[in-house]
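The structure appears right after this line, and notes come after that.
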Amino acid sequence: MGGNPIQFDWTLVATIISFLLLVWLLKAKAWGPLMKVMEERRTHIESMLSQAENERLQAEQIKREYQEEMRKARQEAQEVIAKATKVSEQRAAEILAESHEEAEKIKKSALVDIERERDRAISEVKAQVADLSVLVAEKIIRQKLDLKGQGDLIEQFIQEVGEMQ
Amino acid sequence: MADETVLWHLGNMTFHARTLINTWLVMAAILIFCLIGVRNLTSGKPGKMQNVMEWIVDFVKTLVSDNMNYEQGRPLLGYLLTLIMFVFFSNMVSVIPNLTFGLFENFHIDFAHLNEIFARQEYFSAAPTSDINVTMALALLTIILVVSLGIKTKGAHYFHHFVEPNPVFAIIHLIDLLAKPLTLAFRLFGNIFAGEILVKVIWMLPGISVLPGVLPQVVWLAFSIFIGAIQAYVFTVLTTAYISQAVTPSEH
């Protein structure tokens, strides 16, 4: 080997210029577009991820709403059943009470009727008894009632009719 | 072996011809690789090449976000990606055999000393990173970035850290600032240059022609690929770390 391997000269300057030129060229032609594409992919993936996340959240929301609705519906059904049961019980009680009342009324009116009928019957009997008494009296008078005892009998009879009132 | 460095002259400026040719070849290769990679860009299902490119971008992204606030580091991604690609591809050049088969010698193309650059005796191409000019150029860019981003994010306050915790420490901070590009440049240069030297040394193993060196050479070239990848990673990580030091607000 001859000469000193460490010799500085204008090669250094030429290299600097060449290298800066290469840097500029590659930046413009290679690294720039390449990094742009990589960035695009990154944002694309990012947006896809966030979209997926959004969809997951939405699905969860829908699921929650659905469950809530299910719960509400079940509760409502329960309420409806409970209400219906209550109403029917009430109704049954009402009907029972009404029928009791009705029966009472019917009984009362029946009693009243009976009373009236009896009164009527009694008054009729009384009238008839009076008529009969008159008739009997007439007959007795006509046939010249001779037996005193018979008169007592009639008296007693009238007495008994009077007591029936 | 072409021991003399082939020089191009422009006025009284000199350029290392082989280094520059290989640098541009490497840049062309990176451009072709990347343009194939981004040919059918899609944000849907990426193709094979796009996958590779995205892997590289993700790799550097992780590296940046591990070291500093990602939002602060984002404008740097393009630079760091180009840096790691360039250093890695450059390092790989030293394991590519010289496939010109003396073509330029046979046709006597004297233009820009091409026949000297691709001399038949060179079994392997020279990596641009085995020239201190290239590694120093990258290291200088790093340190320029460090200082300018430091000033941009912190303003004049950036210089405040030179006198922390005591003005006496300014000298140490200054040495630190100078050492950063030097270590960056010499580490990369040393690794790759030594690798190339060893390639040549292994061919010199005694025996019939180059035959004794074939097996060790295979092992060494495999290891060189590993070293090349590691050095590309180290250079980028250190650049990121230095920049993050400069732009991250101090705790005090």
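Numbered from 1 within each chain, the chains take letters A, B, ... in sequence-line order.
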Whether over 12 other heavy atoms sit under 6.0 Å from A/Phe8 CZ: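 Yes, enclosed.
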Heavy-atom contact with chain A under 4.5 Å, split by part of B/Trp24: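 Answer is side chain: those atoms of B/Trp24 sit under 4.5 Å from chain A.
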B/Phe86, part contacting chain A, at a heavy-atom distance under 4.5 Å: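 Only the side chain of B/Phe86 comes within 4.5 Å of chain A.
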Quick one: of [options], who has the most non-hydrogen atom pairs under 4.5 Å with chain A?
| options | value |
| --- | --- |
| B/Leu77, B/Thr14, B/Thr42 | B/Thr14 |
| B/Val38, B/Leu41, B/Leu81, B/Thr23 | B/Leu81 |
| B/Leu31, B/Thr19, B/Leu10, B/Leu35 | B/Leu31 |
| B/Ile56, B/Thr135, B/Leu138, B/Asp131 | B/Leu138 |

Pair B/Tyr233 + B/Phe88: ring centers closer than 6.0 Å: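 No, ring centres 6.0 Å or more apart.
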Select one option (side chain, backbone, both, neither) describing which atoms of [X] are under 4.5 Å from chain B's heavy atoms.
| X | value |
| --- | --- |
| A/Ile45 | neither |
| A/Lys27 | side chain |
| A/Trp10 | both |

For chain B, the option from A/Asp9, A/Thr15, A/Val37 that forms the most heavy-atom pairs under 4.5 Å: A/Asp9
Chain B contacts, top residue of A/Leu25, A/Ile16, A/Leu22, A/Leu21 (heavy-atom pairs, under 4.5 Å): A/Leu22
NZ/NE/NH1/NH2 to OD/OE distance under 4.0 Å, A/Glu53 and A/Arg56: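 Yes, this pair counts.
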Salt bridge flag under 4.0 Å for residues A/Arg120 and A/Glu117: yes
Parallel, tilted or perpendicular: ring planes of B/Phe193 versus B/Phe189, cut at 30 and 60 degrees: parallel
Within-4.5 Å side-chain heavy-atom neighbours: B/Leu198 and B/Trp203: no
Exam field: side chain A/Thr11 to backbone B/Asn133, donor-acceptor pair closer than 3.5 Å: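 Side chain of A/Thr11 to backbone of B/Asn133: no pair is present.
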Distance-only polar pair, side chains of A/Glu65 and A/Gln61, donor-acceptor under 3.5 Å: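 On atom types as modelled, these side chains qualify, holding a pair under 3.5 Å.
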